[in-house]
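The structure presented is a predicted model; accordingly, all values stated were derived computationally and were not measured. Position 1 is the first residue of the sequence; numbering continues from there.
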Amino acid sequence: MTLLILIIVLALIFDYINGFHDAANAIATVVATKVLTPFQAVVWAAFFNFLAYWVFGFGVADTVAKTAHTMEINLVVILAGVIAAICWNLLTWWLGIPSSSSHTLIGGFAGAAVAHAIAVHGFSGYVGEDGATHYWYEIVSWYKAGKDGAMPSGVLIIIAFIVLAPLLGALASYLISIWLLNASRKTIGPKIFTAALMIATIVFVYYQMVPYDKIDKPRFDSHFWSVAFEAHNIKWFLVAFIILTVSAFCLIFSSLNLHQADAALKKMQLLSSAAFSLGHGGNDSQKVMGIIAAAVAVYINTNHGVHMDEWLDVVLPNEDLGIKGQMPSWIPLACYSAIAAGTLSGGWKIVKTMGSKITKVSSFEGVAAETAGALTLYFTEHLKIPVSTTHTITGSIIGVGLTKRVSAVRWGVTVSLIWAWILTIPISAILAGLVYFILSIFM
């Protein structure tokens, strides 16, 4: 039990480090455009990091918890993964490199699991409990097909989104920038497009809503309030609110003078940075929840017949067996609190990289980049994919830079960032493997 408690404490420390390591993702553009002072920006971002507790579910947490097969590992594996993730996060923060905390955690967990499999079984095949022959690399859940046409999961999907997340962010921010640029013209075409988009958004979000009779645990006696405050529905309400707010601005953009437009865009940056901070909190806090859930599952598997206290009664969902997951409320509350506290601590070295070194950012670019980043995070969280908030916002900033000209993006800095992204998972995995072998000597 002592080792399990140690893992939970270290996981929350990692969550705190994640907060100040990734604070730049949400506040870099509002600081760069002087919409908020650095102190105001971190308070703003931290508040919405914590607010995400009431918005997001546990889909990403479930994906992270199943990175490795919990029936075949021990607590030393998870401890080694968390220690390696903390070390890599602190190193990249010190060097001012906006690497992915998400991929650090995934790489550490997977690398320690592989090291464990090699230590126990070697490189040759072994016969598992199911009577089939297995190999060391099968301990990691590399790929699992989605059920009933749903999104597949596994480490390979997470690796694929190292490329796809920034591309999606870049494409979304590029399209939003083009939309805003055309909306500034005194022609009827952009207004017709905007009105059509508003109608399409309302219809789409309406069909995404979970009705009262499909809510497992309604929060209120009232049908209306239960539907309105269902976590899944709140997320889609936010998506609608973001798109409709930008649309409303686009409808009046052409009638504003330069000063009025800039003032309106700066106010909209508060909304876009808040939306991105919500996505950051919801996406990244769930990864630590997943690690804690995996640790509890491993503890139960390695201590047969043990009775868990109510405060640690965690159950991982299993769609094949029809088991619904459960998690004590203190775990998500602690995770969201830790990441919010970390964001309050700031991360000024990375703020400088994100806010000025990639491309010069104005209020216009800030709104486009943060809106695109937030929408990307909401949709990937809906698909239960643990993407990197760092990669997403970096891609979004590049996308708005491309609307000016290709040379507006400082590609030398960007290439260095991409190398950091590519190396994060393998370096974290190797580091976690070494930590595992060292810990195994003493544990």
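Among the candidates V55, V210, V227, the single residue satisfying the side chain to side chain contact (heavy atoms under 4.5 Å, CB included) test with H232 is V210. Exactly one residue among I17, L12, N49 makes a side chain to side chain contact (heavy atoms under 4.5 Å, CB included) with I339. That residue is N49. Among T70, T63, D62, the one residue that satisfies the side chain to side chain donor-acceptor pair (under 3.5 Å) test with K66 is D62.
In this structure, the side-chain contact (heavy atoms from CB on, under 4.5 Å) partners of A231, at least two apart in sequence or on a different chain, are R219. For P190, the side-chain contact (heavy atoms from CB on, under 4.5 Å) partners two or more places apart in sequence, or in a different chain, are N182, T187.
For residues 165-179, every residue pair satisfying the side chain to side chain donor-acceptor pair (under 3.5 Å) rule, not counting sequence neighbours, is listed here: W179-T194.
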Kindly determine whether E72 and H134 satisfy side-chain contact (heavy atoms from CB on, under 4.5 Å), including the steps that lead there. CA-CA 11 Å; E72 299 179 31; H134 298 279; 5.7 Å; no
Evaluate the side-chain contact (heavy atoms from CB on, under 4.5 Å) criterion for residues F48 and H280: first the C-alpha distance (whole Å), next the side-chain angles of each, then the deciding distance (0.1 Å), finally the verdict. CA-CA 9 Å; F48 286 98; H280 172 220; over 6 Å; no
Dump the intermediate steps for side-chain contact (heavy atoms from CB on, under 4.5 Å) on I393 and T389, then the final yes or no. CA-CA 6 Å; I393 193 62; T389 53; over 6 Å; no
Please evaluate residues F14 and K287 with respect to the criterion side-chain contact (heavy atoms from CB on, under 4.5 Å), reporting the C-alpha separation (whole Å), side-chain torsions for both, the decisive distance (0.1 Å), and the verdict. CA-CA 10 Å; F14 172 84; K287 293 153 193 172; 5.9 Å; no
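Nearest heavy-atom pair, W44 versus L270, reported as atom, atom and distance to 0.1 Å: NE1-O, 3.2 Å. Between F56 and G279, the shortest heavy-atom contact is CZ-CA, 4.1 Å. Closest non-hydrogen pair, I234 versus A228, comes out as CG1-O, 3.4 Å. Across every non-hydrogen atom of G366 and Q269, the tightest pair is CA-NE2, 3.7 Å. In this structure, G290 and A65 approach most closely via the heavy-atom pair O-CB, 3.3 Å. Here the closest non-hydrogen pair linking L10 and I86 is O-CD1, 3.7 Å.
Within the model, atoms CG of L344 and CZ of F50 stand 12.0 Å from one another, a figure rounded to the nearest 0.5 Å. To the nearest 0.5 angstrom, F379 atom CZ is 9.0 Å from L383 atom CG. Note that OG of S184 and CZ of F364 are 7.5 Å apart. Values are rounded to the nearest 0.5 Å. A distance of 9.0 Å separates CD1 in I300 from CG in L4, rounded to the nearest 0.5 Å. In this structure, the separation between CD1 on I8 and CD1 on I78 is 10.0 Å, given to the nearest 0.5 Å. Distance CD1/I106 to CD1/I158: 4.0 Å, rounded to 0.5 Å.
Contact check for L180 versus V246: side-chain heavy atoms found under the 4.5 Å cut-off. Using a 4.5 Å heavy-atom threshold, the side chains of I292 and C335 count as touching.
Put simply, the side chain of E381 never gets that close to the backbone of V60: no donor and acceptor are under 3.5 Å apart. The closest donor-acceptor contact from the side chain of H69 to the backbone of E138 lies under 3.5 Å. Here the side chain of E230 pairs no donor or acceptor atom with the backbone of S226 at under 3.5 angstrom.
With no hydrogens or angles considered, no side-chain donor-acceptor pair links T302 and N74 at under 3.5 Å. S254 and K191 share a donor-acceptor pair across their side chains, judged by distance under 3.5 Å alone.
More than 12 heavy atoms of other shown residues, nucleotides or ligands fall within 6.0 angstrom of atom CH2 in W54. Residue Y135 qualifies as open at atom OH: its count of foreign heavy atoms under 6.0 Å is 12 or below.
Note: W136 and Y126 fail the aromatic proximity criterion, with ring centroids not under 6.0 Å apart.
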